[in-house]
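Fair warning: this is a prediction, and the values are worked out from it, not measured in the lab. Letters A, B, ... mirror the listed sequences (proteins, then strands); counts begin at 1.
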Amino acid sequence: MQIYNTMSRKKEEFVPVEAGKLKLYACGPTVYNYFHIGNARAFIFFDVVRRYFEYLGYDVTYVQNITDIDDKIITQSIDENKDFSTIADKYSNAFLEDCQRLGIKTPHYQPRATEVMDDIIRIIDAQVKSGHAYESGGDVYFDAESLPAYGSLSGKKIEDQMAGARVEENKLKRNPADFTLWKKSKPGEPFWPSPWGEGRPGWHSECVVMSQKYLGETFDIHGGGIDLVFPHHENELAQALATTGKPLANYWMHNGFLNIEGEKMSKSLNNFFTARDILEQHSAEAIRFFFLSKHYRSPIDFNREIIAESERAIGSIYQTLKTLISESAKSPEELMKIQVQSPALLSELETFKSAMDDDFNTARAIAVFFDLSRLIKNKNNDLSEREEAAALLLQSGTALGFFGDLKALEETPMPDLSRQLIELIIGYRANARTDKNWALSDQIRDDLAGLGIELKDSKEGCTWTIKG
RNA sequence: GGCGACAUAGCCAAGUGGUAAGGCAGAGGUCUGCAAAAUCUCCAUCCCCGGUUCAAAUCCGGGUGUCGCCUCCA
């Protein structure tokens, strides 16, 4: 397994901290609004990382934080004229709901920042005591210059940042590169008591606390969007180094950005889509297919045509499976359990795994699905061979988070009476066709199509499916 | 100003030295009363220039273009 490590800027062989286990942490949302389609990329991608390791047999622990106290939440709470915790609850519930709809498996731990406040204060205090942080006017800042390794993750140098002159002026800081660990609260703002007075934590400390709490001082993979490399992850790493002297994670993984029709998504450009918006019009699996059809580190461009294309592509795979399952005596669950044995399929499996093992080359892995689809559709193959190919497709697809609803692959449940009526009508149509009464035959087909029942004639007779 | 990424067919996209995966769209054949489905076939020399090499989309240099981070934005 090769993983591209942002720290070294190259692919490295993955070696877990503990054999057979994966300790994974990926940054979750700040719950001040519905999350957007760009956030969805990160959530879906790290869901795939988690699933693939599970597929490989690893015992995975996946932790994702929910930031429920933050300036943006306070701003939003003023806008909506509600308490900050009401806002945080509202949008964290929405977050959980949308993740569910996107087919994202719930992480093992999803701690909230406000739940670990004591630990956050403790870690900040430790940094102050060790001389890596200082109190200034009720705020606490991390002293970037106190840590020679600062900047190692992002490759930034403290001097370079000053040259940019875009760093805000803050008289309370000793150095512009210093970052906030604790922020004194203004009147009316939520606050927690601390050794430095009433205030709230900066953004970065919580992730250090939550990740280490569930995964240990140094864990395997820390992930998030590429924009988090600096300052967020750099600042997490700095705090970990300042408190334990050890790296926070062995591998840092970052997914690329999402653009909308070539432009950065932003509210001001009016091209801002929440995951909710997209789910209104497209299936979760089409959205997943869209993301996985491109390498996770590359920027990806979102537009209506592309997502519609993904919808068709994943739809054809579903259709293949549905057709096979209607012919097979086995249920999807039974197919899932078939152990692949034929040499041709073992070779496909090998291709799938080597693609995924190469830094999660999902685009290459997906090509295998279409090869399998072709094998399944080809009725020249024996049913047992086609079932075996379907098994492999289901197994590998599930490893990427597809086929979440196996029941959807089975025939649409309906009362026996309806089923019998449809068969009856098809029987009459067959008679009309024998008489070459094409007008009636076509009328029946059109009328049934109007009811969502699609007929297909073949040599073996007429088959029908319900269109969703 | 500093740091970094990317440029492959109409569109999406994989591919880090050996002669261009896959998908969508399209074209044609078979099958069919027609339709759909299925099936077969076709569809690129990889932004430009120069270099290294027996051999480069792949390495090096130089252009051009697009984009990102440096603003608690995934």
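- Backbone-only engagement by Gly224(A) is indicated by non-hydrogen atom pairs under 4.0 Å involving sugar-phosphate atoms exclusively.
- A straight line from CG of Asp358(A) to C1' of rA21(B) spans 14 Å, rounded to a whole angstrom.
- Among the nucleotides rU39(B), rC12(B), rC70(B), the one closest to any side-chain atom of Ile306(A) is rC12(B).
- Using cut-offs of 30° and 60° on the angle between ring planes, the pair Phe142(A) and His132(A) is parallel.
- Using a 4.0 Å heavy-atom distance criterion, His36(A) is classed as a base contact.
- Phe370(A) comes within 4.0 angstrom of sugar-phosphate atoms only, judged by non-hydrogen atoms across all strands, and of no base.
- Asp457(A) contributes a side-chain N or O that forms a donor-acceptor pair with the base of rC34(B) under 3.5 Å.
- Checking the phosphate oxygens (OP1, OP2) of rG15(B), a side-chain nitrogen or oxygen of Asn361(A) falls inside 4.0 Å.
- In this model, the phosphate group of rC69(B) is approached by a side-chain N or O of Lys264(A) to a distance below 4.0 Å at OP1 or OP2.
- With a 3.5 Å ceiling on both atom-pair distances, the Watson-Crick or G-U wobble partner of rC6(B) is rG65(B).
- Partner of Lys11(A) under the salt bridge (Lys or Arg N to Asp or Glu O under 4.0 Å) criterion, chosen from Asp357(A), Asp359(A), Asp358(A): Asp358(A).
- Relative to the six-membered ring of Phe191(A), Arg200(A) misses at least one condition, a distance below 6.0 Å or an angle of at most 45° to the axis.
- Residue Arg312(A) is in sugar-phosphate contact alone, with no base atom involved, counting any heavy-atom pair closer than 4.0 Å across all strands shown.
- The nucleotide whose nearest atom lies closest to any side-chain atom of Asn259(A) is, among rC67(B), rU16(B), rC34(B), rC67(B).
- Taking the six-membered ring where the residue is Trp, Phe219(A) and Tyr25(A) present tilted rings, their angle falling between 30° and 60°.
- One N or O donor and one acceptor, one from the side chain of Arg445(A) and one from the base of rA35(B), sit under 3.5 Å apart.
- Contact between the side-chain N/O atoms of Lys436(A) and the OP1/OP2 oxygens of rG33(B) is not found at any separation under 4.0 Å.
- With centroids closer than 5.5 Å and planes inclined by less than 30 degrees as the test, Phe43(A) and the base of rA74(B) fail to qualify as a stacked pair.
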